[in-house]
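I have placed the structure first, in the form of structure tokens, so that the comments after it can refer back to it.
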Amino acid sequence: MRRSRVLTSLIAVASLASAGVFIVGAPSASADTITPDYAYEGWFARNKAPAPQVEVPCTPTTVRPSCGPTSVTTVPAPQAPDTGAYVVSSSGGATGDKSDLSGDTAWTAFSWDIFGQLGATVDKFVVTLTQTPQTNDPSTSRRNDTYNGSGTPPPIQACNIVVPWSAAPGANAWEDRPQSDTNCVAPTVAGTKFTFDLSAMAQTWVEGTGYGMLILPGQPGNPGATTTSGTDDDTVPPFQITFSGYETTLPSPTREQVLPKVTFEFTPAPEDDFNTDFGGGGGGEEFFEEIITSDGGGFEAMPDLDVIPTDIGSEPLPEAMDSSDVTDHSETAAGPLTRRTRPISRDVGFPWIALLLLPLIAIAFWGTGTALGPIGDPVPVREGGVTRVLANRHGSTHLDTR
């Protein structure tokens with residue numbers, strides 16, 4: 001193989017490598033998709049009273065006293081299909097929770113564990129809930145549902161929860177129901193499947209200002225019961241609908257068919273840059289520089305700090321020597337002592353810009369090879385006059401001996 005062919009290949013590879021610096025570049029952010037686990041689920045029944053409590057008197061003690069309100073029993077839950085079934089219902093009339101005229105009797109709430117996606121941009125968050133199926137088992141049978149998957153679905157809406165909350169996976173006391181705002185959406189209904197597009201709500205969840213969805217009677221955009229005169233902008237007929245949750249006790253394969261389905265697509269938050277974000281807005285260098293110089297002038301000696309107890313140290317000054325005899329060079333110095341800080345490089349790693357020099361090096365190597373000639377051709381040796389005389393004489397000597 002000729003030198004020129006080898007060098008031509010090297011030039012092509014080097015050119016592609018240097019061009020790759022611009023082609024590859026920094027990776028662009030792309031959307032991720034996950035299926036989040038649920039954090040809380042539960043429903044809140046108007047006829048569910050809080051557990052009764054008794055006041056235990058406090059007694060002086062050296063440990064934490066056992067006193068104050070204490071629950072003594074648990075009120076049985078209202079009728080529900082199973083632990084993981086959640087009811088939305090109304091006795092009819094006004095909706096909402098702004099006056100005693102409201103006919104709402106049950107709300108359902110869900111929240112999801114998206115702590116790992118805090119700061120992300122939500123591209124899609126869609127939840128599909130399935131109505132709990134009717135079975136022959138009374139313990140898991142849907143009770144009192146007025147909708148069976150056909151006809152007009154009940155008027156329900158999902159609203160954004162605006163305060164932290166928690167719930168047991170079953171019926172909870174009405175007074176423990178979470179608070180929501182008026183940013184509500186209606187579901188898309190297909191038989192017993194109710195799909196809610198919660199993308200706008202989920203954006204508040206990853207920002208830490210929202211805490212899940214609350215399903216309650218009514219239509220989005222209507223304020224509900226607001227007066228005591230009986231007027232209301234949103235009235236509904238009596239209904240009940242029951243949804244299956246993550247803690248449903250239905251047996252397989254029915255269980256897998258009725259579990260909530262969540263599609264969560266998001267663009268992750270950009271990774272924090274230590275040099276720009278660490279230390280409260282300043283750079284990482286400035287952050288540590290602030291720590292180092294925060295004492296107002298440098299480090300000070302601590303005579304009382306004995307790091308090595310066995311170290312004798314320097315001999316003390318003679319008692320006769322006055323402190324004024326010690327020469328103080330601080331006045332003759334060029335100025336106050338300043339701490340020299342070692343510059344910190346912001347660019348760590350392989351200098352990719354060096355790849356741009358590879359084509360130039362390859363071209364220079366190829367030019368040198370062309371001037372020297374192809375590899376493998378013998379280079380003739382030039383004979384001088386002395387060499388030819390010695391050769392002739394050596395030949396004559398052999399002829400005389402014969």
Which atom pair, heavy atoms only, marks the closest approach of [X] to [Y]?
X      : Y      : value
Val258 : Pro133 : CG1-CD, 3.9 Å
Lys261 : Glu256 : NZ-O, 3.2 Å
Phe239 : Pro154 : CD1-CB, 3.4 Å
Asp32  : Pro268 : OD2-CG, 3.2 Å
Ala109 : Phe44  : CB-CE1, 4.0 Å
Lys193 : Thr130 : NZ-OG1, 2.8 Å

Decide yes or no for [X] and [Y]: does some side-chain heavy atom of the first lie under 4.5 Å from some side-chain heavy atom of the second?
X      : Y      : answer
Cys159 : Leu216 : yes
Ser102 : Arg46  : yes
Val185 : Leu198 : yes
Pro36  : Asp113 : no
Ser180 : Trp107 : no
Ser111 : Ile161 : no
Val206 : Phe266 : no
Thr132 : Thr248 : no

Which distance, rounded to the nearest 0.5 Å, do you find between the [atom1] of [X] and the [atom2] of [Y]?
X      : Y      : atom1 : atom2 : answer
Ile241 : Ser90  : CD1   : OG    : 13.5 Å
Glu41  : Tyr86  : CD    : OH    : 3.0 Å
Met213 : Asn183 : CE    : CG    : 15.0 Å
Thr105 : Trp174 : OG1   : CH2   : 7.0 Å
Ile34  : Thr263 : CD1   : OG1   : 11.5 Å
Glu265 : Thr33  : CD    : OG1   : 4.0 Å

Treating [X] as the side-chain partner and [Y] as the backbone partner, does any N or O pair qualify as donor plus acceptor under 3.5 Å?
X      : Y      : answer
Gln131 : Tyr147 : yes
Gln157 : Pro217 : yes
Asp145 : Thr242 : yes
Thr108 : Val87  : yes
Asn172 : Gly170 : yes
Asp197 : Ser199 : yes
Thr195 : Thr128 : no
Asp104 : Gly96  : yes
Gln179 : Val162 : no
Ser91  : Gly103 : yes

Below 6.0 angstrom between ring centroids: does that apply to Tyr211 and Trp165?
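Here the rings of Trp165 and Tyr211 have centres that are no less than 6.0 Å from each other.
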Trp205 ring center near Phe125 ring center (under 6.0 Å):
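Ring-ring flag for Trp205/Phe125: true, centres closer than 6.0 Å.
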Under 3.5 Å, is there a donor-acceptor pair linking the side chains of Asn148 and Ser150?
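Side chains of Asn148 and Ser150: pair found under 3.5 Å.
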Show the numbers, then the answer: is there a side chain to side chain contact (heavy atoms under 4.5 Å, CB included) between Phe194 and Ile215?
CA-CA 11 Å; Phe194 288 69; Ile215 307 176; over 6 Å; no
Under 30°, 30 to 60°, or over 60°: which ring-plane class applies to Phe196 and Phe243, parallel, tilted or perpendicular?
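Ring orientation, 0 to 90° scale: perpendicular.
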So does Tyr246 have more than 12 non-hydrogen atoms from other groups sitting under 6.0 Å from OH?
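Yes.
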Step through the shown structure and confirm whether more than 12 heavy atoms of other residues, nucleotides or ligands are within 6.0 Å of NZ on Lys124.
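No - once you tally the heavy atoms of other residues, nucleotides and ligands closer than 6.0 Å, there are 12 at most.
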Check against side chain to side chain contact (heavy atoms under 4.5 Å, CB included), Val127 and Phe110:
CA-CA 10 Å; Val127 176; Phe110 288 89; over 6 Å; no
